[in-house]
Engineer: 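Dropping the structure in here first, questions after.
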Protein chains: 2
Amino acid sequence: MAATIRDVAYAAGVSVSTVSYALSGKRSLSDETRRRIEDAIRALDFTPNAGARALASAETKVFGLYLQFREDEFAPAMLQYVLPVSTTAREHGYDLLMVTDTDLRGAIHRTTSSYMVDGAVLLDVTYDDVRLEPLRQAKQPGVLIGYARDATGFDAFDLDFGEAARIAVDHLAERGHREIILVTPPRDVYDRGGSYAWRFRDAAVERAARYGIRMSVHEGEARQPGITEALDAAFAALPTATALIVHNDATVAALPSYLNSRGVVVPRDLSVVGVYSADFGNAFSLPYTSVETLPDKLGELAVTQLVRRINTPGLAGEPLTRLIEPGFVDRDSTRIVS
Amino acid sequence: MAATIRDVAYAAGVSVSTVSYALSGKRSLSDETRRRIEDAIRALDFTPNAGARALASAETKVFGLYLQFREDEFAPAMLQYVLPVSTTAREHGYDLLMVTDTDLRGAIHRTTSSYMVDGAVLLDVTYDDVRLEPLRQAKQPGVLIGYARDATGFDAFDLDFGEAARIAVDHLAERGHREIILVTPPRDVYDRGGSYAWRFRDAAVERAARYGIRMSVHEGEARQPGITEALDAAFAALPTATALIVHNDATVAALPSYLNSRGVVVPRDLSVVGVYSADFGNAFSLPYTSVETLPDKLGELAVTQLVRRINTPGLAGEPLTRLIEPGFVDRDSTRIVS
DNA sequence: CTGAAAGCGCTTACAG
DNA sequence: CTGAAAGCGCTTACAG
């Protein structure tokens, strides 16, 4: 089989513990010893056994990444969070156990109680997420990407969707728009507790009211032909609208095609503000002024905080919930209404 | 801390080894003993420590899933393989370590030589994939999803893209088409060794030649505005084409919008055959007759074979390379040319 | 600056 | 049908 730390120690003429300390750097050693150990490691192509290390140190250097693939979600959206989480984790020396079990509660319990992971990253957290309770029972810390009713015990990061809505409405209000259509996430998202849906909607409605703007709110759909039908219904409900805010990936991805087929030119006939990430807009070549969700930033913040909590046993203060300020990119898809 | 097997043994009044055998089922035990052990496990909420188990049994029950997020690839495409791999792995009791390091060789070596994984699943394998060599050094078996120049030592699964091309061309030939445009994957895909690109293209060209069909071949683009420009160029090169075969996700996703904007009605003005998976077509509401790539089937076959190879030490015969017959779904997007 | 040894929590021959 | 014990390959006090 492969070389063990014993083989390295023997080859280097030192003890096993010295090799271990050379590996961890937790103790100083002479240059000569270090050199001999390094040579031996190289000669034997030694890599520490992860299971043995985990058993002895009670650290796996693995994070659990818990996600679900949902029918009503536009697949590309979730993927945006996976890469930054993975990259940031590796920067801190952690690998990712990707858990997609449909039994969410069981998956958390299974992987934490067996000590497969040192921490948990929960993606796409819902308002009453069933994963939180089993994760509270776990010894490992957890971090949430998303917003829950009660995030007690966890660090949580999410975009400030209320602020996102205000940015969008303010932008249009400043440009003189008085009648705005808002397309929100589909009904399913509300139903399962995707709080970003109503946090954005409620803030948008409130902000519009403050300006005396008439706002027509409609739920989008995840698939065709529903997407088109929902848009048709929205425009029929407020034909005089001069602006459209789209807070739904599937709808905004289909929007260029939809507007094109209706002969609607942006921003001449309609001003459009989207809500999506830069990567998403890039992948689908979306030409709209947008309030940017920041998956890269959220993923990085979440993992960094998780690492901090692991490395700092008595981390000062309660776990935090942090809402991130959205970005804004003007792509000239809104016009000034006189 | 959490309960160990010793605690369970003590509570059940049996030895540690008996608990272990009760867990693994590798030895029969009396009903009474079994009941007492089960009660103790439940009372203590015992879960075996994964690290200890891995160390003692030399099995982690984890597969490495090695993938890369590429700029030139349409993100949703890769995701289609992740879910079936994950689901099938879980069905066989395996979790997935998702490895996205940009250092592909190092990632393979790091995770296999440390025995973090019992096997490796390589996604998006290229013709001269740099991951194969380090994986050959590994003690764990590996399975490839994709097609490599030399897959010696591995089981490999891929769609039969040659056959996919023949199915598409045959379908159009039978319907009387004599001038066909083929949009292939982007240049980058060829450059990095995405053999599906040329395997499809070469087979399509050859098949067309056999029929005496004129075929105009063009490389697609991954992003706008390149997608549109490539399509414009293709139609300009063969304005009299009556049919279009699209073997590129990004292009086919943008196609409805593109054709709409050009006033082209399918199949009245143009017959279209796509090459994509059912899920992909569904997610993007694609209305085209398609040769179906089968990511679910490939992912499942690959993982099943990996499990088999692990469970059957002296698995008869060499590792196999298997090309899967594509599916075909007629969505009436091709017309009969007289 | 370095070593001998206990211990992490399992699995599995070996014995009866 | 069941148990005592060695061993998997590390880490880390404890000692010098």
Side-chain angles (χ1 to χ4, degrees), chain A residues 1-38 40-41 44-62 93 110 112-118 139 313, chain B residues 1-38 40-41 44-62 93 110 112-118 139 313:
Chain A
M1 290 302 280
T4 70
I5 198 172
R6 264 188 89 250
D7 302 323
V8 174
Y10 183 83
V14 299
S15 74
V16 160
S17 58
T18 299
V19 176
S20 178
Y21 283 116
L23 252 25
S24 67
K26 289 186 178 173
R27 175 158 110 172
S28 54
L29 59 170
S30 71
D31 287 350
E32 167 63 9
T33 301
R34 181 198 319 284
R35 197 190 51 69
R36 298 225 310 272
I37 290 175
E38 282 168 359
I41 287 176
L44 298 170
D45 189 25
F46 167 72
T47 313
N49 181 291
R53 177 171 267 185
L55 181 56
S57 69
E59 273 197 347
T60 63
K61 287 293 176 181
V62 172
R110 179 171 66 77
T112 56
S113 63
S114 64
Y115 292 91
M116 299 182 78
V117 301
D118 292 343
K139 276 64 185 175
Chain B
M1 289 301 279
T4 69
I5 196 172
R6 265 187 88 249
D7 303 323
V8 174
Y10 183 83
V14 299
S15 74
V16 161
S17 58
T18 299
V19 176
S20 177
Y21 283 116
L23 251 26
S24 67
K26 289 185 179 173
R27 174 160 111 171
S28 55
L29 59 171
S30 71
D31 288 349
E32 166 64 7
T33 302
R34 181 197 318 284
R35 196 191 52 69
R36 298 227 309 275
I37 291 175
E38 283 168 358
I41 287 176
L44 298 171
D45 189 26
F46 168 72
T47 312
N49 180 292
R53 178 171 268 183
L55 181 57
S57 68
E59 273 197 348
T60 63
K61 288 293 177 181
V62 171
R110 180 171 66 77
T112 56
S113 63
S114 63
Y115 293 91
M116 298 182 78
V117 300
D118 292 343
K139 277 64 186 175

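The structure displayed is predicted, hence computed values, not measured ones. Chain identifiers are assigned alphabetically (A, B, ...) following the order of the sequence lines, protein sequences preceding nucleic acid strands; residue numbering begins at 1 within each chain. Note: hydrogens, waters and symmetry copies are ignored here, and every other heavy atom, side chains too, is used.
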Engineer: Can you tell me the distance, in whole Å, between the CG atom of B:D7 and the P atom of C:dG9?
Structural biologist: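 Value for this atom pair: 9 Å.
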
Engineer: Just the rounded figure in Å: distance from P of C:dG9 to NZ of B:K61.
Structural biologist: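 Going from B:K61 (NZ) to C:dG9 (P), I get 23 Å.
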
Engineer: Contact between A:M116 and B:T60 at the side-chain level, heavy atoms closer than 4.5 Å - yes or no?
Structural biologist: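 No, every pair of side-chain atoms sits at 4.5 Å or beyond.
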
Engineer: Quickly work out the B:Y115 OH to C:dT11 P distance and round it to whole Å.
Structural biologist: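 To the nearest whole Å, that distance equals 19 Å.
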
Engineer: Just N and O in the side chain of A:R53: are any of them under 4.0 Å from OP1 or OP2 of D:dG9?
Structural biologist: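 Indeed not, no polar side-chain atom of A:R53 lies that close.
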
Engineer: Nearest whole Å is fine: how far is D:dG9 P from A:L55 CG?
Structural biologist: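 One finds 12 Å between P of D:dG9 and CG of A:L55, rounded.
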
Engineer: Given that B:P48 and A:V14 both sit by DNA chain C, which one's nearest nucleotide is further toward the 5' end?
Structural biologist: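 Per heavy-atom nearest nucleotide, the more 5' residue is A:V14.
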
Engineer: Does C:dT2 have its OP1 or OP2 closer than 4.0 Å to a side-chain nitrogen or oxygen of A:S30?
Structural biologist: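 Yes, because at least one side-chain N or O of A:S30 sits under 4.0 Å from OP1 or OP2 of C:dT2.
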
Engineer: Between B:E38 and B:R35, does a salt bridge (Lys or Arg N to Asp or Glu O under 4.0 Å) hold up when you go through it step by step?
Structural biologist: CA-CA 5 Å; B:E38 283 168 358; B:R35 196 191 52 69; over 6 Å; no

Engineer: Please give me every residue in residues 16-23 of chain A whose heavy atoms get under 4.0 Å of an atom in DNA chain C, ordered by residue number.
Structural biologist: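 Close to the strand are A:S17, A:T18.
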
Engineer: Do B:R53 and A:S114 come close enough that some side-chain heavy atom pair is under 4.5 Å?
Structural biologist: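 No, every pair of side-chain atoms sits at 4.5 Å or beyond.
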
Engineer: Tell me which one of A:D7, A:L23, A:I37 satisfies side chain to side chain contact (heavy atoms under 4.5 Å, CB included) with A:F46.
Structural biologist: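 Of the listed options, the one satisfying the test is A:L23.
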
Engineer: Taking the side chain from A:D118 and the backbone from A:E59, do they hold a donor-acceptor pair closer than 3.5 Å?
Structural biologist: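 Not at all, since once roles are kept as given, no pair shorter than 3.5 Å links the two residues.
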
Engineer: Whole-Å distance between D:dT12 C1' and A:R27 CZ?
Structural biologist: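 My rounded result for the distance is 9 Å.
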
Engineer: For the pair made of CD1 in B:I5 and P in C:dG7, what is the distance, rounded to whole Å?
Structural biologist: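 About 19 Å, once rounded to whole Å.
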
Engineer: Go nucleotide by nucleotide along DNA chain D from the 5' end; which of A:A52 and B:S15 gets its closest nucleotide reached first?
Structural biologist: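 The residue closer to the strand's 5' end, by nearest nucleotide, is B:S15.
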
Engineer: Got a donor-acceptor contact below 3.5 angstrom from the B:S20 side chain to the B:V16 backbone?
Structural biologist: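 Side chain of B:S20 to backbone of B:V16: no pair is present.
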
Engineer: May I have the distance from B:D31 (atom CG) to D:dT2 (atom P), rounded to whole angstrom?
Structural biologist: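 The answer, rounded to whole Å, is 10 Å.
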
Engineer: Expressed as a whole number of angstroms, how long is the span from B:Y10:OH to D:dT2:P?
Structural biologist: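 Distance check: B:Y10 OH to D:dT2 P gives 19 Å.
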
Engineer: Ignoring backbone atoms, test whether B:T33 places a side-chain nitrogen or oxygen under 4.0 Å from the OP1 or OP2 oxygen of D:dC1.
Structural biologist: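 Checking D:dC1 against B:T33, no side-chain N or O comes under 4.0 Å of OP1 or OP2.
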
Engineer: Distance check: side-chain N/O of B:K26 vs OP1/OP2 of C:dT12, anything under 4.0 Å?
Structural biologist: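 For C:dT12, OP1 or OP2 has a side-chain N or O of B:K26 closer than 4.0 Å.
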
Engineer: Could you please name the partner base of D:dG16, counting Watson-Crick and G-U wobble pairs only when both distances are under 3.5 Å?
Structural biologist: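 Its partner is C:dC1.
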
Engineer: Pick the nucleotide of DNA chain C nearest each of A:R34 and B:R6; which residue has the one closer to the 5' end?
Structural biologist: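 By nearest-heavy-atom nucleotide position, the 5'-most residue is A:R34.
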
Engineer: Hey, does B:Y21 have a side-chain heavy atom less than 4.5 Å from the side chain of B:T33?
Structural biologist: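 Result no, sub-4.5 Å side-chain heavy-atom pair not found.
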
